[in-house]
Every structure is written in C-alpha cells, then in structure tokens.
2 protein chains.
Amino acid sequence: MAASELDPLLASLGEARRARRTVMSTSADRAARLLREQVVEGTLRSGTRLPEVRLADALGVSRNTLREALSQLVAERILVREEHRGVLVATPDTTAVRDVYAARLVIEPAAVLHGPALDPAHLAALDAAVREGTTAGDRGDWPAVASANQHFHRAVVALSGSERLVAQMELLLAEMRLFFHQMGDPEPFHAPYLEENAVIAGHLRAGRRDEAATRLAAYLRAAERQLVAAYEQRTVGGDG
Amino acid sequence: MAASELDPLLASLGEARRARRTVMSTSADRAARLLREQVVEGTLRSGTRLPEVRLADALGVSRNTLREALSQLVAERILVREEHRGVLVATPDTTAVRDVYAARLVIEPAAVLHGPALDPAHLAALDAAVREGTTAGDRGDWPAVASANQHFHRAVVALSGSERLVAQMELLLAEMRLFFHQMGDPEPFHAPYLEENAVIAGHLRAGRRDEAATRLAAYLRAAERQLVAAYEQRTVGGDG
DNA sequence: GATTGCGGGATTGTTCAACAGTCCTTACGG
DNA sequence: CCGTAAGGACTGTTGAACAATCCCGCAATC
C-alpha cells in the first residue's frame, strides 16, 4: 500500500464529486422546492388541500415521487398530513406563533451576542438585506419587504457560525410567512421593522453587540405581540 | 344556524380526532423511527450502506415506503444520500461537531437565561435526567449515561418553552450520538459531565440562571475541545 | 323535520413489477 | 502499467393496482 504523493489530490477530488452528487437535485427534491416556493410566496394559501394525483400530474412526476416531496414538507411543518384525508397547507395559529417566537427569542439575540468574531462577509450580508428591504419598501412592494426581512434574520443567525442553526432558522421563517399570508395586508407587519433592521445592522457594524441584541429582543417581543393581537382581532371579527 | 349548547363539545371532539390522526403513525413513519433508533443506539454504525431492497425486505415494507422513511432521515442529517449510490449512515467529522456546538452554544445558555419562568415541571425533568445519569454511571452503563445526557440537554432547551426548539435540539443531539459511536469508548466523553449536570441543575433549582448559563457555556466549550482533540488524535493514529 | 343507515365516488396508504441510468468491479488487451 | 469493455448491482422513477378510509347525498325511519 505505498501511498503516492497524489493521493491527497485524488481524495479531495473524490470528495468534491461526492459533495456535488450529494447536492444534486433529485426529482422529489425539485418538486419539494417548487411546492415550498409556492407556499412561501403565498400562491398556495393556508388550508388548501393538495390531492396527490392531480398535483403529481401538474408537477409532471409520479405519485410516488410526489409523496416523497410531500413527506419532506410535512417534516418542515409547511404542510400537514391528516391520515386518510391527505396533506394540506398548514395554518399556523397563535400557539404556533408564540412557539416560533419563543425559539427566535432564544436564538437570535444569542447569535448576535455570542457568535464568533463579526467578519466582513456577515456584516455585508446584513447590510445587503437592509438595503433590499428599504428599496422594496420605497417602491411599496411589501411581499419583497417580507422576503428581505427573512434575509435579514437569516443573516443575523448566520453570525452564530452554524450552518445547521441557519437551516433550522429558515424553517421557522418559512412558517412565519405562512402566518403572514393568513393575515392579509402585509404592510403593517413589515414596514415598522425596516428602520429597526437598519439600526441593528448599524450597531453591529460598530461592534456594539449588546445594544444590537437588546434591541433585537425588544423587536421580536413587539412583533409577537402585534401578530397575536392582529390574529385575535381578525378571528373575533370575521366568521370564515 | 342556531348554535346548540353542545357545539363547543363537538368542536373540541373534532379537533381531538384531527390531532390524533395527525400524530398517528403511518408505515413510513414507523420505519423511520425504527431506523433512527438503530442508528442512535449504535446498532447501525457510521458509513454502513443501506440498500433499499434488502432493507425494505427486512423492515417488511415496500421499497417506495422505505424511500419515504429514508428521505426523512436524510433531512435529519442522520443518513446521507449520494446520488445513484444510495443512502448510508452519516459520519460526522470535526466540521460537523464544530457546527453543532456552535448551534448549541447559542441555544442552550440562552434557553437557560431567557426562557420563561422556571416552572416545577421543567425543573423536575432536569432532576430526573440528572438522577438517570448518576444511577447509570454507578452501574457503569455508559451508553445509558449518554442517553441520560441527551435527556438533560433536551430538558435544558425545554426551558425555552418552545416545542420547535426542542425538536431541533433533538436533531443536533442525535447527530452527536452518531459522532460518539465513531469515537468508541464512551466513558471519557460522558463521565466528566455527570457532576457538571448536577451542578447546573442545582443552580437552576435555586434560581441562579446566570451561574447556570455560564457554567453550561464553559461545559459546552470544553466538550467540543475534548471531542475534536480525540477525533484528530484518532485519525492521525489509525489508517482506516 | 331531524336523525340514522346505506351506498357510491373519490382519495389515500401501500404494494408490486418494470426499466433506464448510473456506478462499481473485474477481466481483458495493449 | 494503463485504459477499456462487459456484466452485475443498485438507484431513480414510473405506472398500475387494490384495500381501507373518508365524504357526500339519498332514502328510510322515528
């Protein structure tokens, strides 16, 4: 077993190929991504049923592969499966919102406070998200503001340096967007936080982690209150 | 639409039924749970391939349903899928360990510090996990100590009050156990922390959140260092 | 008139069989 | 020693099938 000097190269090449293969998209993954996108963008509204045959037909995949995709999204809490009744787009209630915010209140300020050194790439991502939000707000494109907000909070969690934590955060954020779509008019839920995002990014750029963290925590608590209040008003008022 | 007085009862019943149906186990879920258990318990070692036909046969399900289960576990990072090569048990490396600990360092101390009021149920869960660990340690059952440790940290995150955060933590902990199995002898990785768990639980019982959090953070940093060091020593020494 | 019982259609849960595409090993030839 | 062709094993994906279950409407009943 004489090890030649190019063994490391071979190993790294093999690894790269394996990585690419791991990341390549299988048919079920593509279907899942497509559906997820439709749900997050609001095209597929909360509560709509997803019949397997019709949907598989529409997506151009077989029912079996579609079921793989659906299972994936059920695990992400974007869809809900009711046995023998099928899957439907989840409709988060205030319990879900409180739960998500409890998680966010743990994760986000802590990421700001205790993440590794603030490196330029992370700060740039934050600034980019802030700019994305303000320009979208200037042209009144509130769905785009919602996306920008999502990007901002993803960037915040990225400060933790943990890819896994970011992935988990994205699940929470996707669920939040589902909730927003239920609430209708997105402006009052996103507009107030554009300024706030800028302030927090500014604090971080200046290295003031404490201020950023406390401001972020207050921000999250306020957003939770606002959402829960709006939801309860809505369900008290409306009938369907 | 005259509402009778038993409407609320009907509504609650319907909700309960839906909840049960949502939680009830489909065949794929059962297969996934079984496989997960085998992996976490160490029966299925890192790197072992899981051929679909043989495995489906062994589990008594069809290949299609098995694939649903496998997809689920791939999403949980317990298994890895390499396209056209199949699924195999993940082998976390030090990168994964660093990533997981970065996430845990954000989540766990923050859950201790900023979770809602420490209620008796949570404190009882912590104590139970501590006792479970010490008795297992007394009889030298180190795999059981590993389980107890997992329960302790789950209880810590439960302080956050977020069911979702607990679920996400469980993914991280499962991945850690995969790593432990790779390292062989579990005693040196779990024994030192039994005492530490007891101290932290004591702090929390007395309401000293700050001490508990800082102690927990130090604990996590130490564990990460120990694990990474052991791993690198192991891979420098061995050849396969 | 409200309630119960009973099809009947639609949909899910699950299986089986098949086939092309890809990967791995092995043997062969230069 | 290197490339390569052949063959086998396995995955990715599909289509069809069948029992179980659910839902809706209609008739029978009290």
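What you are looking at is a predicted structure, and each value in this text was computed from that prediction instead of being measured. Labels below follow one simple rule: chain letters A, B, ... track the order of the sequence lines, proteins then strands, and each chain is numbered from 1.
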- Only counting residues at least two apart or in another chain, list the ones meeting salt bridge (charged side-chain N to carboxylate O under 4.0 Å, His left out) with Asp119(B). none
- Given dT14(D), is OP1 or OP2 found less than 4.0 Å from the side-chain N or O atoms of Thr65(A)? yes
- Item | Atom-pair distance (CZ on Arg67(B); P on dT11(D)), nearest Å | 8 Å
- Rounded to the Å, how far apart are His84(B) NE2 and dT11(D) P? 11 Å
- Note on the structure: note: Arg85(A), atom CZ; dA10(C), atom C1'; distance rounded to Å ~ 13 Å
- Item | Pairs flagged by ring-ring contact (aromatic ring centres under 6.0 Å, His included) wherever residues 153-183 of chain B is involved - sequence neighbours left out | His153(B)-Tyr219(B), Phe179(B)-Tyr231(B), Phe180(B)-His190(B)
- Query: In residues 43-53 of chain B, which ones come under 4.0 Å of DNA chain D, going by heavy atoms?
  - Reply: Leu50(B), Pro51(B), Glu52(B)
- Message: Within the 4.5 Å heavy-atom criterion, are Leu73(B) and Val39(B) side-chain neighbours or not?
- Response: no
- Message: Checking Ala230(A) now: which residues fulfil side chain to side chain contact (heavy atoms under 4.5 Å, CB included) with it, not counting sequence neighbours?
- Response: Met183(A), Phe189(A)
- Task: Counting heavy atoms from C-beta on, name the nucleotide in dT13(D), dC23(C), dT14(C) closest to the side chain of Arg30(B).
- Result: dT14(C)
- Message: My understanding is that only residues two or more places apart in sequence, or in another chain, count here; which of them pass salt bridge (charged side-chain N to carboxylate O under 4.0 Å, His left out) with Glu76(A)?
- Response: Arg36(A)
Which atom pairs, one a donor and one an acceptor, fall under 3.5 Å between side chains of residues 59-66 of chain A and the rest of the protein, sequence neighbours left out?
unit_1   : atom_1 : unit_2   : atom_2 : d
Ser62(A) : OG     : Asn64(A) : N      : 3.1
Ser62(A) : OG     : Thr65(A) : N      : 3.4
Arg63(A) : NH1    : Glu52(A) : OE1    : 2.5
Thr65(A) : OG1    : Ser62(A) : N      : 3.3
Thr65(A) : OG1    : Ser62(A) : O      : 2.9

- Query: In residues 54-64 of chain A, which ones come under 4.0 Å of DNA chain C, going by heavy atoms?
  - Reply: Arg54(A), Arg63(A), Asn64(A)
- Task: Specify the separation, in whole Å, of atom CZ of Arg81(B) and atom P of dC23(C).
- Result: 15 Å
- Note on the structure: Contacts satisfying salt bridge (Lys or Arg N to Asp or Glu O under 4.0 Å) that involve residues 164-173 of chain B (not counting sequence neighbours) are Asp99(A)-Arg164(B), Glu175(A)-Arg164(B), Arg154(B)-Glu170(B)
- Message: What is the separation between atom CG on Leu66(B) and atom C1' on dT14(C), rounded to the nearest whole Å?
- Response: 13 Å
- Message: Using only atom types and a distance under 3.5 Å, with no angle test, would you say the side chain of Gln168(B) pairs donor to acceptor with the backbone of Gln168(A)?
- Response: yes
- Message: Per the side chain to side chain donor-acceptor pair (under 3.5 Å) rule, what does the pair list look like for residues 37-51 of chain A, sequence neighbours excluded?
- Response: none
- Nearest-angstrom distance from the residue atom CD of Glu82(A) to P of dT12(C): 12 Å
